[in-house]
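The structure appears right after this line, and notes come after that.
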Amino acid sequence: PYPLDVEAIRADFPILDRKVGGDATVPGEDEDDTTPLVYLDNAATSQTPDQVVDTIADYYRSYNSNVHRGIHQLSQEASVAYEEAHDRVAEFVGAAGREEIVFTKNATEAENLVAYAWGLNEIGPGDNVVLTQMEHHASLVTWQQTARKTGAEARFIRVTDDGRLDMDHARELIDEDTAMVSAVHVSNTLGTVNPVAELADLAHDHDALIFVDGAQSVPHMPVDVREFDPDFFAFSGHKMCGPTGIGVLYGKERLLEEMEPYLYGGSMIRKVTFEETQWEDLPWKFEAGTPVIEQGIALHAAIDYLEDVGMERVHEHESLLARYAYDRLSEFDDIEIYGPPGDERAGLVSFNVDGVHAHDLSSILNEHGVAIRAGDHCTQPLHDVLGAAASARASFYVYNTREEIDALVEGVDDARQLFA
Ligand SMILES: Cc1ncc(COP(=O)(O)O)c(CNc2co[nH]c2=O)c1O
């Protein structure tokens with residue numbers, strides 16, 4: 001049995017009834033020799049339930065308007081919905097309120113916002129920024145380039161052979177010259193869940209800030225920033241049943257208040273004269289121009305959907321699938337699985353099959369209707385550490401089943417036979 005009602009959840013995602021392969025290019029057309037879709041690429045992007053799609057359609061059908069309280073009913077309705085979406089996100093991650101929640105277009109932009117609006121002004125020669133070897137490019141490249149521009153040193157906490165952070169090395173690297181620690185909460189390649197509370201304590205003990213990348217944690221487990229006290233925290237709506245085009249930056253109000261905006265224009269101002277400009281209150285100061293209105297309202301609906309399922313149950317379900325996938329793939333002695341053991345990881349498994357390039361494996365799996373990700377998962381330096389140019393990654397969500405993992409394993413076995 002599963003900790004959640006998978007069949008009821010699957011009914012909310014019509015895309016999961018898709019047939020792929022054969023000559024079906026769109027549903028309903030000639031569906032001979034096609035196979036049912038098995039969607040196992042959720043770390044890249046999740047699917048979107050009817051409840052969220054309906055929310056988007058309803059917005060455009062009945063109260064689409066620009067926000068910031070135009071003097072007409074549609075704008076009032078859209079403004080309230082957009083502002084309340086910030087309140088809902090704040091509640092979901094344990095923030096104090098909407099003034100600590102900035103909507104961006106994705107998690108990558110959230111990282112860049114802090115690098116530009118805080119990093120370029122606060123980091124200088126002699127400082128260092130401490131990252132980890134398992135960072136996604138959204139944080140690794142952003143802080144690597146910020147260090148380069150400011151004359152600071154970029155340091156990288158080592159990953160151990162079983163895919164965990166080397167915390168002794170972290171204690172060595174984080175010192176009195178550390179300005180920022182930027183660490184991924186859950187690795188999108190290894191599935192490792194990092195000790196972010198311990199990292200935050202290390203940073204704060206040295207008067208450094210910490211930015212935690214929550215893109216792979218917020219969608220998959222209960223997250224409360226009050227439990228690990230990050231100064232900044234980022235995630236994306238499209239990985240958590242929401243639409244593309246929205247990310248979230250959580251920042252401590254005190255820090256966001258002190259920071260200068262780095263995108264200027266309408267909506268983010270209170271008063272403009274030819275000589276000077278006064279900024280709008282938080283969080284609007286960091287939301288220049290027409291914001292991600294529909295996306296914010298849809299993210300609110302996505303959070304309602306996930307909370308209705310229950311984040312504890314989401315986490316339990318994915319842990320069960322991760323263990324099952326890890327155990328099934330471990331049956332083959334020519335498969336290398338990256339990251340910690342099956343019972344100590346988030347809901348994804350990256351691996352390689354001896355003699356089969358990840359891209360070839362992915363295309364063979366596609367013929368089986370199985371969608372995984374193959375490549376470097378925007379963690380190229382980590383793949384250098386792993387000694388692999390690419391890896392295959394299966395990643396799970398609330399609507400996946402053990403039978404879908406069996407289909408994955410069957411396709412992997414076919415590929416092994418083909419290339420053996
Ligand atoms: C840990 C992590 N951080 C940041 C990002 C960036 O999120 P975005 O700004 O919404 O793109 C991703 C997306 N990861 C992936 C995107 O596609 N495959 C992936 O593994 C991620 O997994």
Side-chain angles (χ1 to χ4, degrees), residues 39-48 89 93 102-116 131-145 156-157 159 163 165 181-194 196 199 210-221 223 228 230 232-250 292 295-296 298-299 302 318 322 338-339 345-351 358-359 362 371-383 386 388 390-397:
Y39 184 77
L40 300 177
D41 193 19
N42 294 283
T45 202
S46 71
Q47 295 304 339
T48 313
V89 173
V93 297
V102 178
F103 284 171
T104 59
K105 74 166 176 293
N106 53 33
T108 301
E109 184 180 313
E111 292 271 359
N112 279 273
L113 189 161
V114 176
Y116 279 95
L131 312 173
T132 79
Q133 289 183 334
M134 64 171 89
E135 290 311 296
H136 183 282
H137 293 163
S139 110
L140 193 150
V141 179
T142 302
W143 291 102
Q144 173 199 68
Q145 295 307 307
F156 298 88
I157 301 169
V159 173
L165 272 192
V181 176
S182 186
V184 68
H185 194 174
V186 170
S187 164
N188 66 311
T189 296
L190 301 171
T192 310
V193 183
N194 286 320
V196 286
L199 283 167
I210 183 166
F211 193 133
V212 176
D213 170 357
Q216 298 293 349
S217 60
V218 171
H220 303 288
M221 58 187 66
V223 170
F228 56 103
F232 301 106
F233 183 71
F235 52 99
S236 279
H238 67 93
K239 297 182 190 285
M240 53 186 287
C241 297
T244 51
I246 184 161
V248 177
L249 171 70
Y250 159 80
V292 288
Q295 294 90 337
L299 178 58
E318 290 186 28
Y338 303 109
R345 60 168 55 224
L348 64 95
V349 184
S350 295
F351 61 97
H359 290 153
S362 189
I372 66 161
R373 181 72 38 168
D376 56 54
H377 318 307
C378 303
T379 57
Q380 286 180 13
L382 175 62
H383 275 82
L386 298 174
S391 61
R393 182 190 66 192
S395 50
F396 317 117
Y397 212 7

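Throughout, residue positions are numbered sequentially from 1 according to the sequence presented. Given the structure is predicted, the values throughout are model-derived calculations rather than measurements. For ligands, and for the atoms within them, numbers begin at 1 and follow the listed sequence. For the numbers below, each heavy atom of this structure counts, side chains included, while hydrogens, waters and symmetry mates do not.
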### Those residues that, when tested against Ala371, pass side chain to side chain contact (heavy atoms under 4.5 Å, CB included) (two or more places apart)
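Side chain to side chain contact (heavy atoms under 4.5 Å, CB included) list for Ala371, sorted by chain: Leu37, Tyr39.
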
### ring-ring contact (aromatic ring centres under 6.0 Å, His included) partners of Tyr397, counting only residues at least two apart
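Scan of Tyr397 (ring-ring contact (aromatic ring centres under 6.0 Å, His included), adjacent residues dropped) gives His220, Tyr399.
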
### Query
Run the side-chain hydrogen bond (donor to acceptor under 3.5 Å, both in side chains) check on His238 and Thr244 step by step: do they pass?
CA-CA 5 Å; His238 67 93; Thr244 51; over 6 Å; no

### Query
Side chains of His383 and Ser391: is there a donor and an acceptor less than 3.5 Å apart?
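Per modelled atom types, His383 and Ser391 side chains form a pair under 3.5 Å.
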
### Query
Sequence neighbours excluded, which residues qualify as side-chain hydrogen bond (donor to acceptor under 3.5 Å, both in side chains) partners of Ser362?
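Testing Ser362 for side-chain hydrogen bond (donor to acceptor under 3.5 Å, both in side chains), a comparison that skips the adjacent residues, returns none.
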
### For Thr132, the option from Thr192, Leu140, Val181, Ile157 that meets side-chain contact (heavy atoms from CB on, under 4.5 Å)
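Among the candidates, only Ile157 passes.
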
### Within the 4.0 Å heavy-atom sphere of ligand 1, strictly under, residues
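Lining ligand 1: Ala43, Ala44, Asn106, Ala107, Thr108, His136, Ala138, Val184, Asn188, Asp213, Ala215, Gln216, Ser236, His238, Lys239, Arg393.
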
